[in-house]
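Report on one structure; see the data block that follows.
Just so we're clear, the structure is a prediction, and the values are computed from it rather than from any experiment. Count residues from 1 along the sequence.
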Amino acid sequence: MDTTYLLDWANLLLRWAHVIVAIAWIGSSFYFVFLDSSLEPPTDPVLKDKGVGGELWAVHGGGFYNPQKYTVAPKTLPEKLHWFFWESYSTWLTGFGLFTVLYLFQARTFLIDPRVHAWSSPGWAVAAALGFLAVFWLVYDVICHLLGRRRHGDLIVGILVAAVVVFAAWLATQLFAGRAAFLLVGAMMATAMSANVAHWIIPGQRKVVAQLKAGLPVDPVYGQRGKQRSVHNTYFTLPVLIAMLSNHYGWLYEAPHNWAVLVVMMGAGASIRQFFVARHKAKLAGQRAPWGYALTGVAMILGVVLALAPAPKPVVAAAPVPTFAQVQAVVQQRCVLCHNAQVQNKGIELDRPELIRQNAMALHQQAVVLKAMPLNNATQITDEERALLGRWFDAGMP
């Protein structure tokens, strides 16, 4: 069976699984941040005596719920505890599998752009990409471990981690194809998120459970460390998502100073997430919603929209509708290398006239609207040629 066909299936199934488990992880993460920010001190003496520090009444799906959080831990552990970790591990494993199939296994096509950096071999590019995942986690973890508990530690950690992310975004765009660079920055942050769960949050919870079962006093440091990393994860979420989604929009990762575009969009995501976190706390305290965070995020996005807006086109006489021969010449030179009878990327073949018409919508969307193809503009299609394809499509594909 054709290898390209199997890789496309692997891509689809891994992407599908990745989205499913990521929804579960992000959903539970957002819910618990909301819960922590919305708990009210209990008024029932029985709850206070049990050690409950906060509770919330909620209605959903036709039922009433009363989640309660203990200040440290209950006096007696129940037999069954639900642990939230499979969502995180599954998200990372499916994401890394997808990254391997698409970018590492096909590094020469998707990871490397000779116009950006001339790697001596795909192996070195793959090693460097994996290095981004490992090194960012190590640097981030050291920053949190050494500075996280100092006075103003959260602020210091936030500034330093943001600086590391900015540097990583710049470096990635100097070494890899724009599409791969954006995704790699998201992947390194997602790796840190999952590593937080695997190395701090879950182990800390297991130690608390072990202390309770042994009848020992519970060390609150485990809860403090776990909450610190959970809060970091919630602020990483929206920046990671925009980095992952960006690979569908060529005009984003192919923009001049694309690293700055990525940084600003991730910063906007973090600011908007801060609005929702602060809004929960403000609502509990009876204060106004902190709209400044949301407006800052929106302003950052609008800034990118304006910065990337194409220059106004001069008013000229309407260009003639291209002939099919002109369209076929462009497709033959710029597209057929990867879309022919022997190599049918994404199952699309463009080496015969009837196939160009059959796939005209996909051709227009990818090459004209999104400018995502040719990948990394490997065949050097020009803006004039993209416009020619667009005029032909708009005219009804004569």
Side-chain angles (χ1 to χ4, degrees), residues 1-12 15 98 101-119 122 125 173 176-183 245-256 258 308 310 313 319-398:
M1 195 174 292
D2 183 67
T3 302
T4 302
Y5 177 71
L6 293 177
L7 284 174
D8 280 343
W9 268 107
N11 188 341
L12 171 61
R15 192 181 299 272
L98 184 60
V101 167
L102 187 57
Y103 288 90
L104 303 187
F105 191 73
Q106 304 178 84
R108 196 181 297 277
T109 301
F110 291 97
L111 192 61
I112 297 172
D113 184 347
R115 298 172 301 165
V116 175
H117 185 76
W119 291 94
T173 57
F176 305 104
R179 180 186 186 192
F182 275 40
L183 188 135
L245 292 173
S246 66
N247 69 90
H248 297 285
Y249 304 96
W251 43 265
L252 205 59
Y253 58 74
E254 292 289 348
N258 54 355
L308 298 185
K313 296 179 180 179
V321 176
T323 65
F324 182 76
Q326 291 175 300
V327 171
Q328 188 175 21
V330 173
V331 172
Q332 184 68 36
Q333 183 179 7
R334 310 300 188 188
C335 309
V336 169
L337 179 67
C338 297
H339 299 283
N340 55 66
Q342 289 72 41
V343 183
Q344 301 177 17
N345 280 341
K346 302 298 180 184
I348 293 179
E349 187 179 342
L350 297 171
D351 55 349
R352 299 199 306 275
E354 64 272 20
L355 293 175
I356 294 176
R357 296 183 187 279
Q358 179 181 322
N359 295 297
M361 183 173 291
L363 177 66
H364 179 259
Q365 181 186 44
Q366 295 296 322
V368 180
V369 178
L370 298 179
K371 297 184 179 180
M373 294 292 155
L375 188 64
N376 300 331
N377 201 14
T379 57
Q380 300 297 302
I381 189 172
T382 66
D383 289 339
E384 290 75 17
E385 289 169 334
R386 293 187 193 274
L388 182 146
L389 296 176
R391 294 198 305 276
W392 173 71
F393 182 83
D394 292 341
M397 300 171 290

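Note that NE2 of His248 and CD of Gln366 are 9.5 Å apart. Values are rounded to the nearest 0.5 Å. Once rounded to the nearest 0.5 Å, the distance linking CG of Leu98 with CG of Leu104 reads 10.5 Å. Summarising the geometry, atom CZ belonging to Arg115 is positioned 13.5 Å from atom CD1 belonging to Ile112; distances are rounded to the nearest 0.5 Å. Summarising the geometry, atom CD1 belonging to Ile356 is positioned 12.5 Å from atom CD1 belonging to Ile348; distances are rounded to the nearest 0.5 Å. Distance check: Leu183 CG to Leu245 CG gives 10.0 Å after rounding to the nearest 0.5 Å. Rounding to the nearest 0.5 Å gives a distance of 9.0 Å between CG of Asp8 and CG of Leu6.
Arg108 CZ: 12 or fewer foreign heavy atoms inside a 6.0 Å radius.
Listed here is the closest heavy atom pair of Leu363 and Cys335: CD1-SG, 4.1 Å. The shortest heavy-atom contact between Arg391 and Pro320 is NE-O, 3.4 Å. Contact record, Thr173 with Val116: O-CG1, 3.3 Å, taken as the closest heavy-atom pair. The minimum heavy-atom distance between Lys371 and Arg386, with the atom names listed, is CA-NH1, 3.7 Å.
Between His364 and Phe393, the ring planes are parallel. Angles under 30° get that label, and only those over 60° would be called perpendicular.
When side chains are defined from C-beta on, Pro122 does not count as touching Leu111, because their heavy atoms never get closer than 4.5 Å. Counting only heavy atoms from C-beta outward, the side chains of Gln106 and Leu102 approach each other to under 4.5 Å. Inter-residue side-chain proximity for Gln358 and Arg352 is flagged as unmet; no heavy-atom pair is nearer than 4.5 Å. Between Leu252 and Asn258 there is no side-chain heavy-atom pair separated by less than 4.5 Å.
A donor-acceptor distance shorter than 3.5 angstrom exists from the side chain of Asn340 to the backbone of Leu337, with no hydrogens or angles considered. A distance-only check finds a donor-acceptor pair linking the side chain of Asn359 to the backbone of Glu349 [under 3.5 Å]. For Arg357 (side chain) and Met397 (main-chain N/O), a donor-acceptor pair under 3.5 Å exists by modelled atom type. In this structure, the side chain of Trp392 engages the main chain of Pro398 through a donor-acceptor pair within 3.5 Å. In this structure, the side chain of His339 does not engage the main chain of Leu350 through any donor-acceptor pair within 3.5 Å.
A salt bridge links Arg334 with Glu385; the closest basic N to acidic carboxylate O contact falls under 4.0 Å.
Under the ring pair (Phe, Tyr, Trp, His ring centres under 6.0 Å) rule, Phe176 has a single partner from Tyr253, Phe182, Trp119, Tyr103, which is Trp119.
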